[in-house]
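In what follows, a structure is listed as structure tokens, so that the remarks can point back to it.
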Amino acid sequence: MTSTWTEPSNTATALLLLGRGSDPASERGVDCPGDLPAPSDPDLVARATAAKAALGDRVFVLGHHYQRDEVIQFADVTGDSFKLAQQAAARPDAEFIVFCGVHFMAESADILTGKDQQVILPDLAAGCSMADMAVLGQVEAAWERFEDLGITGEIVPVTYMNSSADIKGFVGRNKGVVCTSSNAQRALTWSFEQGSKVFFLPDQHLGRNTAVLEMGFDLDDCVLYDPHKPGGGLTDDQLRNARMILWRGHCSVHGRFTLDSVREVRERVPGVNVLVHPECRHEVVRAADQVGSTEYIIKALDAAPAGSAWAVGTELNLVRRLALAHPDKQIMFLDRTVCYCSTMNRIDLPHLVWALEELVAGRVPNVITVDEDTAANARVALDQMLALP
Ligand code: SF4
């Protein structure tokens, strides 16, 4: 059966697809130490296959759902960030965990794996713009403001999985919990049993969408703490009265979908089902037919009847893969233009080949390590998530 997939048009934004370019103002690391194979090398697939075979069970390759096809074909397991970290922890015999994803995911894998395992990120420039929007110093400054107001005793900090190890450590130190897009409601329910307010990091949209659409809060119960404004841009009374203090962070990929994208696709494709991720803006989620995590989106499309039409608001690599896997359904990207996660895209086949061949040569490149104290505190918040009722 022929696929109905249509590629969105290109944006004007240049993507640093091969990780050779640099944007030092916005990325964690931009250099790849060592010579990358040329992307035009016709032997890249054979080289990756040979290196992986030479390493055998010593290496375990994880591939996030948003990774490119050229990388995903070498993944031993695919999944969202938490599932991948759990899979890494379930493979204590693998010396090397090659994480085809972004920096915070590799940190989580390092936190959950054994001391003798090393987690490798094939391109150190693969950060996450959302995770980078909450820096520990900023978050501690906000907490001090809450302390000055005398409200920290009422506040439970909650951080989305998509945050740095530092932030997870902060949340663990302050008796909070980590959440994913699948369990955010359970995490908030638990948190409101511990205190009367939640400080939600770093994704304002997931926090707001969960509180308002799943837990019955009003939009007025939520305030937005902007770390770039004095005092977060909030008055003392706003902070005292708020139930949800949302950090001003967002995903640059999911944040691009607009109400116009939803209206446009409904006009163009009568009967279309709009399915979006909860990292999308509140008005987009409200206008959609269904909302759910990456794993939810995959299951919903697997279960959808043949002939049904779906406009999906999540990362393009995944939507394209799902469209090609379901040629009997009309699956399209919610936006008209390309919306890759540019940092996820930095992990390409040349970087994967380079990382695997370095391991074969006895050198361990791009190891991601979280210090003991941070890891111990982050584990408290992660364990609390695993213990959620
Ligand atoms: S899709 Fe968004 S949240 Fe996920 S890694 Fe990319 S920027 Fe971060």
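Atoms within a ligand are numbered from 1 in the order they appear, just like the ligands themselves. What you see is a predicted model; the values in this text were computed from it and never measured.
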Distance under 4.0 Å to a non-hydrogen atom of Tyr66: what atoms of ligand 1 satisfy this? 1 (S)
To which protein heavy atom is atom 6 (Fe) of ligand 1 closest, and what is the distance rounded to 0.1 Å? Cys341 SG, 2.3 Å
Between Ile297 and the options Asp302, Thr314, Val319, the side-chain contact (heavy atoms from CB on, under 4.5 Å) test singles out Thr314
Is the distance from atom 8 (Fe) of ligand 1 to some N, O or S atom of Cys251 under 2.8 Å? no
Show your reasoning for whether side-chain hydrogen bond (donor to acceptor under 3.5 Å, both in side chains) applies to Glu147 and Thr152. CA-CA 5 Å; Glu147 261 165 357; Thr152 43; 4.8 Å; no
Tell me which protein heavy atom sits closest to atom 3 (S) of ligand 1, plus the residue, atom name and distance to 0.1 Å. Asn162 ND2, 3.4 Å
Checking His65 against Glu295: is there a side-chain donor and acceptor pair closer than 3.5 Å? yes
Does the pair Arg263/Glu267 count as a salt bridge with the N-to-O cut at 4.0 Å? no
When you measure from atom 7 (S) of ligand 1 to every protein heavy atom, which one gives the shortest distance, and what is it? Ser129 OG, 3.4 Å
For Tyr66 and Arg321, which I'm curious about, is there any donor-acceptor pair between the side chains at under 3.5 Å? no
Distance to 0.1 Å, residue and atom name: give those for the protein heavy atom nearest to atom 8 (Fe) of ligand 1. Cys128 SG, 2.3 Å
